[in-house]
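Fair warning: this is a prediction, and the values are worked out from it, not measured in the lab. Just so we're on the same page: letters track the sequence lines, and every chain starts at 1.
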Amino acid sequence: MPKQTFIYASKVTPSEETIKLRGWVYRIRKMKDKIFVILRDASGIIQCIGSKNQLTSEAWNMLNEAAIENYITVEGNPVEDNRAINNVEVKLTNFTIMHKGEIFPIAKDQSKEFMLDNTHLFVRSYKATNVWKVKASVLRSAREWFFENDFYETTPPILTGSACEGGSTLFSLKYFDHTAYLSQSIQLYLEALIYSLEKVYAITPSFRAEKMRTKRHVNEFWHIEGEEAFVDFEGNMKIQEELVAYIVQYVLKHNAKEFKELKRDTSVLETIKAPFNKISYKEAIDTLNENGFNLKWDEDMKTEEERALSTIIGEPFFIRDYPSSHKPFYVKLHEDDPKWCYSADLMAPEGFGELITGGQREDVLDTLIRRIKEEGWEVEDYAWYIDLRKYGSVPHSGFGLGAERLTWWLCGLDAIQETLPFPRTRNRVYP
RNA sequence: GCCGUUGUAGCUCAGUCUGGUGGAGCAAUCGGCUGUUAACCGAUCGGUCGUAGGUUCAAAUCCUACCAGCGGCGCCA
């Protein structure tokens with residue numbers, strides 16, 4: 001038999017055996033002859049009780065010195081007790097402080113500002129840990145879905161030499177003797193890769209140098225992007241809704257404990273299944289106008305309106321067929337009426353708003369060149385991208401899903417910043 | 001970039017309107033303690049009131065400038 005190893009707090013069940021655990025002091029409550037210490041590890045927390053008359057004086061003294069976030073190891077007997085969390089506690093037979101360290105600065109009350117100054121310590125908080133677990137499930141289940149649907153994972157570059165979608169929101173940096181940019185989206189590269197693998201995806205960080213400060217934005221986020229050859233606008237939406245529905249089902253199955261601890265009411269999530277509602281941009285405007293707004297058909301929907309619509313509809317839905325003037329040059333236009341284009345946004349319910357933008361790409365060489373010129377870009381800057389339409393151009397579509405947007409909604413958090421361990425915002429690039 | 005708002009003890013805040021010797025809770029330290037659930041009780045410790053200048057007999061408080069943070073909007077995932 002191998003030497004007895006440490007077990008996770010969540011695996012502790014009442015038994016006759018002596019067990020060992022290691023982790024950090026989450027809470028500690030000291031009395032004259034008894035001390036309760038709550039041990040925290042990656043799996044959760046468990047109450048341990050140390051009694052003066054059942055410990056060596058050395059262990060008892062150490063227990064008396066223990067403080068929040070000390071690294072500790074414990075030995076004891078797991079017993080059933082309805083006064084403890086999860087009705088199990090460990091009656092200590094030994095207790096060791098492995099690293100005492102200094103006084104942990106994060107206490108009961110924290111302001112947002114203090115929390116952000118101490119993000120490197122705040123990541124270990126109970127709430128944050130639950131969010132990291134849900135996010136891990138989002139990424140894992142997305143990969144699973146792609147794998148099961150014959151998509152190849154690819155690794156496009158994050159450093160790019162050309163500015164796609166305009167330069168104002170790009171972070172630039174010195175690249176030897178040139179200027180390079182941090183990627184806003186690897187879409188154009190995925191479009192190149194479909195000619196090889198047909199169905200591709202990538203999960204990469206995307207950077208936006210927007211100077212906005214909102215609950216919905218961070219300057220660095222993880223982008224789940226897919227691109228598919230021979231798939232049209234309708235087929236693309238089908239892929240998106242199946243992917244999102246799969247992720248929702250996965251987290252409901254695997255993260256019930258986390259949702260409970262985050263106090264997330266999952267009843268809305270439980271009803272979600274593909275296909276989703278689809279309304280045209282025009283219908284969206286009409287719906288809003290019926291609900292007290294006064295918008296014209298080609299007017300841009302603002303956050304307030306999108307949020308209202310998302311609350312009215314109450315389940316995930318697509319807004320499809322946007323006015324062409326609202327969307328970039330690579331979006332394919334309707335053949336019969338170029339006023340509209342094959343672009344759709346997937347909206348989360350409950351007022352969380354946009355999760356995905358996707359659509360069919362312009363695959364006709366001349367139209368693409370004309371559109372680039374109309375938007376005022378230099379055709380030479382997109383030479384390699386235009387090349388893709390010269391050699392066996394195929395109809396294709398794709399989309400970009402924000403991993404943080406999705407996690408934010410699934411967990412029902414106040415702000416998207418909470419879904420990243422080290423959120424990059426306008427005034428925060430440290431720690 | 002625009003609008004708003006905040007800066008007082010290690011942390012969370014009151015005190016600013018109406019100028020007159022800086023307060024509370026938490027943390028820490030010491031002591032007490034009935035199986036506690038961010039325990040409880042008592043005591044102690046702890047501050048260049050964001051920075052600079054101005055008004056005044058007197059400024060955390062009024063005025064000016066600056067700095068930093070936070071919230072929102074345009075944008076978007």
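- Exactly one residue among A/K199, A/R361, A/Q187 makes a side-chain hydrogen bond (donor to acceptor under 3.5 Å, both in side chains) with A/E227. That residue is A/R361.
- As judged by a 4.0 angstrom heavy-atom cut-off over every strand, A/I224 is placed among residues making no nucleic acid contact.
- Between the side chains of A/Y250 and A/N255, no donor N or O sits under 3.5 Å from an acceptor N or O.
- At the heavy-atom level, A/T303 lies under 4.0 Å from base atoms of the strands shown.
- Within the 4.0 angstrom heavy-atom criterion, base atoms lie near A/E306.
- At the heavy-atom level, A/F114 lies under 4.0 Å from the strands shown only through sugar-phosphate atoms.
- When each of B/rG72, B/rU12, B/rG35 is scored by its nearest atom to the side-chain atoms of A/D81, the top-ranked nucleotide is B/rG35.
- Side-chain atoms of A/M31 lie closest to B/rG35 of the nucleotides B/rG71, B/rG35, B/rC76.
- Here A/E89 lies in heavy-atom contact (under 4.0 Å) with a base.
- A straight line from CD1 of A/I103 to C1' of B/rC26 spans 13 Å, rounded to a whole angstrom.
- Looking at heavy-atom distances under 4.0 Å, A/K302 makes contact with sugar-phosphate atoms alone, never a base.
- For A/F36, the side-chain atoms get nearest to B/rG35 when compared with the rest of B/rC76, B/rG35, B/rC70.
- Here the side chain of A/K211 is nearest to one of B/rC33, B/rC70, B/rG1, namely B/rG1.
- Of all nucleotides listed (B/rC70, B/rC73, B/rU36), B/rC73 comes nearest to the side chain of A/T214.
- Using a 4.0 Å heavy-atom criterion, one finds that A/Q47 contacts the bases of the nucleic acid, with or without backbone contacts as well.
- Across all strands shown, A/K112 has heavy atoms under 4.0 Å from sugar-phosphate atoms exclusively, and none from any base.
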